[in-house]
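Written below as structure tokens is the structure these notes are about.
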Amino acid sequence: QVQLVESGGGSAQAGGSLRLSCVYSGYSSSSYCMAWFRQAPGNEREGVAVIARDGTTRYADSVKGRFTISKDNAKNTLYLQMNSLKPEDTAMYYCAAVSWTGVPLSWAQRSFYRYWGQGTQVTVSS
């Protein structure tokens, strides 16, 4: 059974940093494409960053240069390092996974992913 459990959310000041973690079980990340999404109240869930099985990464323009996605296969953990945080980064953050090779053009679409975590809240104050 595939499970994804996020942690690391919390409150930060604008300009600060947070690191999110997502511990996964029930599959090997070497065969999965994994991503971080976020959803603010009243907004659609949007793709933030993705990492393919070979380590290739892609980012949403809104976070490029500030966020870094990575994974530790030995620890079965996906990370999202968030620096230079802005109030508009405030949202519930979710990790997601799907069995896939490479990074498809649809990587930022919610419907592409099969497995989801329960989310962790990030709040950035100005």
Side-chain angles (χ1 to χ4, degrees):
Q1 182 179 359
V2 174
Q3 288 190 320
L4 304 171
V5 180
E6 302 96 333
S7 63
S11 298
Q13 295 284 330
S17 299
L18 285 172
R19 188 176 79 159
L20 305 184
S21 299
C22 172
V23 177
Y24 51 87
S25 60
Y27 69 93
S28 169
S29 68
S30 62
S31 59
Y32 273 65
C33 177
M34 301 190 68
W36 287 99
F37 278 69
R38 66 185 181 187
Q39 187 168 18
N43 289 357
E44 296 290 322
R45 190 171 298 188
E46 62 174 355
V48 173
V50 63
I51 185 165
R53 53 191 290 181
D54 66 355
T56 301
T57 58
R58 296 286 188 272
Y59 297 90
D61 287 343
S62 58
V63 305
K64 204 170 291 183
R66 299 188 299 122
F67 290 10
T68 302
I69 188 171
S70 63
K71 61 180 179 175
D72 185 332
N73 293 338
K75 295 182 178 179
N76 282 6
T77 303
L78 177 73
Y79 300 101
L80 184 68
Q81 178 66 44
M82 306 186 295
N83 298 330
S84 302
L85 284 164
K86 303 176 180 180
E88 51 263 45
D89 294 321
T90 295
M92 185 72 79
Y93 283 72
Y94 300 88
C95 65
V98 64
S99 179
W100 193 265
T101 299
V103 179
L105 291 176
S106 58
W107 75 265
Q109 295 179 14
R110 180 177 182 174
S111 59
F112 176 66
Y113 297 87
R114 180 173 182 181
Y115 303 106
W116 292 86
Q118 83 292 345
T120 186
Q121 178 67 38
V122 171
T123 302
V124 183
S125 57
S126 57

Quiz item: Atom SG of C95 and atom CD of Q118: how far apart are they, to the nearest 0.5 Å?
Solution: 7.5 Å
Quiz item: Which ILVMFWY residues are connected to W100, directly or by a chain of links, through side-chain heavy atoms under 4.5 Å apart?
Solution: F37, V50, M92, Y94, V98, V103, W107, F112, Y113, W116
Quiz item: Side-chain donor-acceptor pair under 3.5 Å between R53 and T101, yes or no?
Solution: yes
Quiz item: Are a donor atom and an acceptor atom from the side chains of S17 and N83 found within less than 3.5 Å of each other?
Solution: yes
Quiz item: Is there side-chain contact between L80 and T68, with at least one heavy-atom pair below 4.5 Å?
Solution: no
Quiz item: How long is the span from the SG atom in C33 to the CD1 atom in I51, to the nearest 0.5 Å?
Solution: 9.0 Å
Quiz item: Would V122 and M82 count as a side-chain contact (heavy atoms from CB on, under 4.5 Å) if you check the C-alpha gap in whole Å, the side-chain angles of each, and the deciding distance to 0.1 Å?
Solution: CA-CA 10 Å; V122 171; M82 306 186 295; 3.8 Å; yes
Quiz item: Has the side chain of D89 got a donor or acceptor atom that lies under 3.5 Å from a matching backbone atom of K86?
Solution: yes
Quiz item: What is the distance from atom OG1 of T77 to atom CG of L4, rounded to the nearest 0.5 Å?
Solution: 11.0 Å
Quiz item: How long is the gap from OG on S125 to CG on L85, to the nearest 0.5 Å?
Solution: 10.0 Å
Practice problem: Using atom types as modelled and distance alone, determine if a side-chain donor or acceptor of R45 lies under 3.5 Å from a backbone N or O of R38. | Solution: no
Quiz prompt | Short side-chain to backbone donor-acceptor contact, Q1 and G26, under 3.5 Å | solution = no
Practice problem: Hey, could you give me the CG/CD distance between N76 and Q3, rounded to the nearest 0.5 Å? | Solution: 12.0 Å
Exercise. Starting from the C-alpha separation in whole Å, work towards a yes-or-no answer on side-chain contact (heavy atoms from CB on, under 4.5 Å) for T120 and L20.
Key: CA-CA 8 Å; T120 186; L20 305 184; 4.0 Å; yes
Self-check item: Side-chain donor or acceptor of T90 paired with backbone N/O of E88 under 3.5 Å
Solution: no
Quiz item: Any sub-3.5 Å donor-acceptor pair from E6's side-chain atoms to G119's backbone N or O?
Solution: yes
Quiz item: Got a donor-acceptor contact below 3.5 angstrom from the Y59 side chain to the I69 backbone?
Solution: yes
Quiz item: Quick check: does any side chain N or O of Q121 sit under 3.5 Å from a backbone N or O of G9, one acting as donor and the other as acceptor?
Solution: no
Quiz item: Does Y79 reach the side chain of R19, with side-chain heavy atoms less than 4.5 Å apart?
Solution: yes
Practice problem: Evaluate side-chain contact (heavy atoms from CB on, under 4.5 Å) for F67 paired with V48, printing each intermediate quantity in order. | Solution: CA-CA 9 Å; F67 290 10; V48 173; 3.6 Å; yes
Quiz item: Ignoring hydrogens and geometry, is there a side-chain-to-backbone donor-acceptor pair from W36 to L78 under 3.5 Å?
Solution: no
Quiz prompt | In one Ile/Leu/Val/Met/Phe/Trp/Tyr side-chain cluster, 4.5 Å: Y24, V2 | solution = yes
Quiz item: Got K75 and V23 here, is their nearest side-chain heavy-atom distance under 4.5 Å?
Solution: no
